[in-house]
Amino acid sequence: FSLEMDRLGMLVASMAYEGNWKPVFEYFASELKRQSSIREFIEGEAHVKGFLLAYLGLTRTYIIHPEYEANKGYADFYMMPDLVRQPDIVYSYIVEVKYARRDTSDADIALLKRDAAEQLRRYADDGKVARTKGNTRLGLITLVFKGWELVALEKLASRADCENESEA
């Protein structure tokens with residue numbers, strides 16, 4: 001197991017301060033593929049989530065809440081900004097991970113993405129998220145893995161962010 005801590009730290013900092021979220025998850029997906037054996041994917045989604053938790057937990061920019069209870073559901077990851085130590089963070093995130101077997105159809109992948117979007121919007125409306133995200137812009141991220149391949153990497157805007165942009 002090898003990890004480029006400097007690279008990961010720079011990617012997450014760019015995510016927090018500049019909103020460059022995509023490179024973090026692309027890096028994660030490449031590391032998942034590189035460092036996992038096929039046998040580990042027997043556990044499917046649990047393996048992907050555990051790997052992501054390990055990577056995100058190594059950074060200090062966010063307080064990572066796995067299986068965060070929000071609006072009668074559980075977001076896979078709430079990347080709550082550590083505003084006490086870093087009050088100038090601009091972006092926070094909720095991440096929903098979906099996993100499909102390698103033989104899953106494109107139509108089923110589309111259903112997983114739609115389900116994730118519905119869940120993310122519901123989680124974003126949770127009062128605890130509103131209180132803990134401070135003034136950060138909340139990004140709602142969907143990751144869909146088909147086996148070890150990242151087949152969907154999408155960001156939805158939260159309702160509050162859409163409202164803020166229309167006011168600007």
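Note that the structure is a prediction, hence the values are computed from the model and not measured.
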- Evaluate the side-chain contact (heavy atoms from CB on, under 4.5 Å) criterion for residues Met15 and Lys22: first the C-alpha distance (whole Å), next the side-chain angles of each, then the deciding distance (0.1 Å), finally the verdict. CA-CA 8 Å; Met15 179 183 191; Lys22 203 175 246 189; over 6 Å; no
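- A salt bridge between Glu96 and Lys98 is present, with a side-chain N of the basic residue lying under 4.0 Å from a carboxylate O of the acidic one.
- In this structure the side chain of Ile141 never reaches within 4.5 angstrom of the side chain of Glu154, judged on heavy atoms.
- In this model, a donor atom of one side chain and an acceptor atom of the other lie less than 3.5 Å apart for Thr132 and Tyr78.
- Two different hydrophobic clusters hold Leu153 and Leu111 under the rule that ILVMFWY side chains link at heavy-atom gaps under 4.5 Å.
- No chain of hydrophobic side-chain contacts below 4.5 Å, direct or via other Ile, Leu, Val, Met, Phe, Trp or Tyr residues, connects Met10 to Leu52.
- Contact between Arg102 and Trp148 at its shortest, heavy atoms only, is NH1-CH2, 2.9 Å.
- The minimum heavy-atom distance between Gly57 and Ile64, with the atom names listed, is N-CG1, 4.3 Å.
- For the pair Asp108 and Asp106, the minimum side-chain heavy-atom distance is 4.5 Å or more.
- Under the 4.5 Å side-chain heavy-atom criterion for grouping Ile, Leu, Val, Met, Phe, Trp and Tyr, Ile109 is not connected to Phe145 through any hydrophobic cluster.
- What you find for Tyr62 and Ser92 is that their closest heavy atoms are CE2-CA, 4.0 Å.
- Residue Thr59 comes nearest to Leu56 through the heavy atom pair OG1-O, 2.9 Å, listed as atom of the first residue, atom of the second, then distance.
- With rounding to the nearest 0.5 Å, the separation of CD in Glu18 from CG in Asn20 is 5.5 Å.
- Residues Ala16 and Thr61 approach most closely at CB-CG2, 3.3 Å, considering heavy atoms.
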- Please report the C-alpha distance between Val129 and Tyr123 in whole Å, then the side-chain angles of each, then the deciding distance to 0.1 Å, and finally whether the side-chain contact (heavy atoms from CB on, under 4.5 Å) criterion is met. CA-CA 8 Å; Val129 171; Tyr123 302 151; 5.7 Å; no
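- There is a side-chain donor-acceptor pair under 3.5 Å between Tyr17 and Gln86.
- Residues Tyr99 and Leu112 fall into different hydrophobic clusters, defined by Ile, Leu, Val, Met, Phe, Trp and Tyr side chains chained together at heavy-atom separations under 4.5 Å.
- Taking the six-membered ring where the residue is Trp, Phe25 and Trp21 present tilted rings, their angle falling between 30° and 60°.
- Using a cutoff of 4.0 Å between basic side-chain nitrogens and carboxylate oxygens, Arg60 and Asp82 are not scored as salt-bridged.
- Using a cut-off of 4.0 Å between Lys/Arg side-chain N and Asp/Glu carboxylate O, Arg34 and Glu31 are scored as salt-bridged.
- Looking at Val90 and Thr136, their side chains never come closer than 4.5 Å, going by heavy atoms from C-beta outward.
- Clustering ILVMFWY residues whenever any of their side-chain heavy atoms sit less than 4.5 angstrom apart, transitively, puts Leu32 in the very cluster that holds Val97.
- Between Thr104 and Lys146 the shortest heavy-atom distance is O-NZ, 2.9 Å.
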